[in-house]
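Below is one structure, written out as structure tokens, with a few remarks after it.
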Amino acid sequence: MTGTKKFLRICGCLLLGLCVLAVGSVTWAYLIEPKMLIIRPVEYQVPTWSVDTKPIKILVAGDFHFANHEADEQRAIRYVEKINDIDADYVFFLGDFMFASHGKPCAMPPEKIINIFDRLKQKSNVYLVQGNHDRLFSWGKFRTELKKIGINVLENNSTLIPLPQNRHLQIAGLRDSWRHNARHVPKRHATNIPYIVLVHRPQLPQALPDRNYDFIISGHTHGGQICPPFGLNFVSPRAIADRKYTYPWHKDGKNLYLITKGLGMSQLPFRFNCPPEMYLLTLKGGKN
């Protein structure tokens, strides 16, 4: 065999290998990884709580992006069943319940989402905020129906949650908007009470400038959604601004964020090297 033939054979084998790798990667990203669900444990030590206080467990989930088809209905039911199985003390939802692509028919009807969320146990311990996609799909009606089944909707307000051992936890939620400023953030109730802010997007430095809270919980970024190895982020459907974050914790100036990569997809129906996730956040006594 001449050198030319050997070279062509090697090139053909490499090309075939690349084709097999590409087909396998697309199949994985489209059919397999989006159906996965990772529960990631995260801890935060509350400095004003003593080390012997009972920890509080919070399930954090966001970016559901439910589309209007049977597969996503089953996906939603599976998430609710998983949340019920975990049986956390509280549940925080970070918005983007609706899927938006080229029109409203893509999104799961709000009444169907309500019927599925009605299966949640202890709905009075569920707190949520609006996402940017939710503003496109009858948010007012959806918000009203959520409150009817006992779920707490936070929109530029806060609540004080009583905890065992004579403790409290302050939770605030911001409505999704690019026009936020510091006036929209509720004031801290007391310095010895931990204060957590829920906001769908982490890109709100103008609204959250002074760290008058312990930390902020956000979603929106999808973790990039498609994350090839070697930093080849040019195929990511997320904006470049969404790739600068670190997970689970991200520091931006004085602000500390807990950012989840979320559960659903937008723009492209793929997840690669970025499986759907929920956080199981444990608040415990002591200093970080």
Side-chain angles (χ1 to χ4, degrees), residues 26 28-38 59-83 91-120 126 128-146 149 151 153 155 175-178 198-203 218-227 235-239 241-243 259-279:
V26 171
W28 173 270
Y30 182 68
L31 295 177
I32 299 175
E33 188 164 316
K35 297 179 181 178
M36 299 171 64
L37 178 58
I38 308 297
L59 197 287
V60 178
D63 297 286
F64 300 86
H65 292 289
F66 292 134
N68 189 22
H69 52 69
E70 178 66 23
D72 261 24
E73 184 175 348
Q74 294 303 314
R75 178 167 70 96
I77 293 172
R78 183 163 60 94
Y79 292 160
V80 168
E81 290 175 346
K82 186 60 154 180
I83 293 170
V91 177
F92 295 165
F93 288 159
L94 302 175
D96 270 5
F97 303 97
M98 313 297 183
F99 177 79
S101 180
H102 300 292
K104 293 186 178 181
C106 298
M108 184 181 293
E111 57 269 19
K112 185 174 289 187
I113 299 177
I114 293 295
N115 289 337
I116 295 173
F117 280 178
D118 199 23
R119 304 183 186 198
L120 288 165
V126 178
L128 62 80
V129 292
Q130 174 201 58
N132 59 301
H133 283 220
D134 302 324
R135 292 186 281 118
L136 306 175
F137 300 98
S138 305
W139 170 251
K141 179 181 178 182
F142 187 49
R143 173 184 56 202
T144 299
E145 295 302 316
L146 285 167
I149 65 174
I151 290 177
V153 180
E155 292 187 299
R175 183 173 58 243
D176 185 76
S177 172
W178 283 111
L198 309 183
V199 59
H200 176 67
R201 290 188 257 198
Q203 306 104 320
S218 296
H220 182 66
T221 70
H222 297 202
Q225 192 172 306
I226 299 175
C227 302
V235 300
S236 173
R238 309 301 300 174
D242 289 346
R243 301 181 206 148
I259 306 178
T260 174
K261 297 177 182 179
L263 295 163
M265 299 167 287
S266 66
Q267 301 183 49
L268 295 176
F270 302 103
R271 269 189 177 263
F272 186 82
N273 195 28
C274 187
E277 68 176 16
M278 300 181 187
Y279 287 150

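- Counting heavy atoms from C-beta outward, Val126 and Ile83 have side chains that stay 4.5 Å or more apart.
- Rounding to the nearest 0.5 angstrom, the gap separating the CG atom in Leu128 from the CD atom in Glu155 is 9.0 Å.
- With rounding to the nearest 0.5 angstrom, the CG atom of Leu268 is 11.5 Å from the NE2 atom of His222.
- Nearest heavy atoms, Glu277 versus Leu263: O-CD2, 3.4 Å.
- Interatomic distance, Asn115 CG to Ile77 CD1, rounded to the nearest 0.5 Å: 10.0 Å.
- Here the CD-CZ distance, from Glu81 to Arg119, works out to 7.0 Å after rounding to the nearest 0.5 Å.
- Thr144 is not listed as a side-chain neighbour of Val153, based on a closest heavy-atom distance of 4.5 Å or more.
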Could you check Phe66 against Phe64 for ring pair (Phe, Tyr, Trp, His ring centres under 6.0 Å), going step by step and ending with a plain yes or no?
CA-CA 6 Å; Phe66 292 134; Phe64 300 86; 5.4 Å; yes
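- Here the straight-line distance linking atom CD1 of Ile38 with atom CD of Glu33 works out to 8.5 Å at 0.5 Å rounding.
- Taking 4.5 Å as the limit, every side-chain heavy atom of Met98 sits out of range of all side-chain heavy atoms of Leu136.
- Contact record, Thr260 with Tyr279: CA-CE1, 3.5 Å, taken as the closest heavy-atom pair.
- Counting heavy atoms from C-beta outward, Pro110 and Glu145 have side chains that stay 4.5 Å or more apart.
- The shortest side-chain heavy-atom distance between Ser266 and Gln225 falls under the 4.5 Å cut-off.
- Looking at every heavy atom in both residues, His200 comes nearest to Gly131 through CG-CA, 3.6 Å.
- Residues Val91 and Leu120 form no side-chain contact, since every pair of their non-hydrogen atoms from C-beta on lies 4.5 Å or further apart.
- In this structure, Arg135 contributes its side chain and Gln130 its backbone to no donor-acceptor pair below 3.5 Å.
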Set out, in order, the CA-CA distance, both residues' side-chain angles and the distance that settles side chain to side chain contact (heavy atoms under 4.5 Å, CB included) for Val60 and Leu94, then state yes or no.
CA-CA 8 Å; Val60 178; Leu94 302 175; 3.8 Å; yes
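- In this view, Pro269 and Tyr30 satisfy the side-chain contact (heavy atoms from CB on, under 4.5 Å) rule, not counting sequence neighbours.
- In terms of modelled atom types and a separation under 3.5 Å, the side chain of Arg271 and the main chain of Cys227 share no donor-acceptor contact.
- Checked options Phe137, Phe97, Phe117; the residue passing with Phe142 is Phe97 (criterion: ring pair (Phe, Tyr, Trp, His ring centres under 6.0 Å)).
- Taken from CD1 in Ile116 to CD in Gln74, the straight-line distance is 8.0 Å, to the nearest 0.5 Å.
- Put simply, the side chain of Lys112 reaches to within 4.5 Å of the side chain of Asn68, judged on heavy atoms.
- Asp134 contributes a side-chain N or O that, together with a main-chain N or O of Asp96, makes up a donor-acceptor pair within less than 3.5 Å.
- The backbone N or O of Ile259 sits nowhere less than 3.5 Å from a side-chain atom of Ser218 that would complete a donor-acceptor pair.
- A donor-acceptor contact shorter than 3.5 Å links the side chain of Asp63 to the backbone of His220.
- Proximity of Lys261 to Pro275: side-chain heavy atoms (C-beta onward) are nowhere separated by under 4.5 Å.
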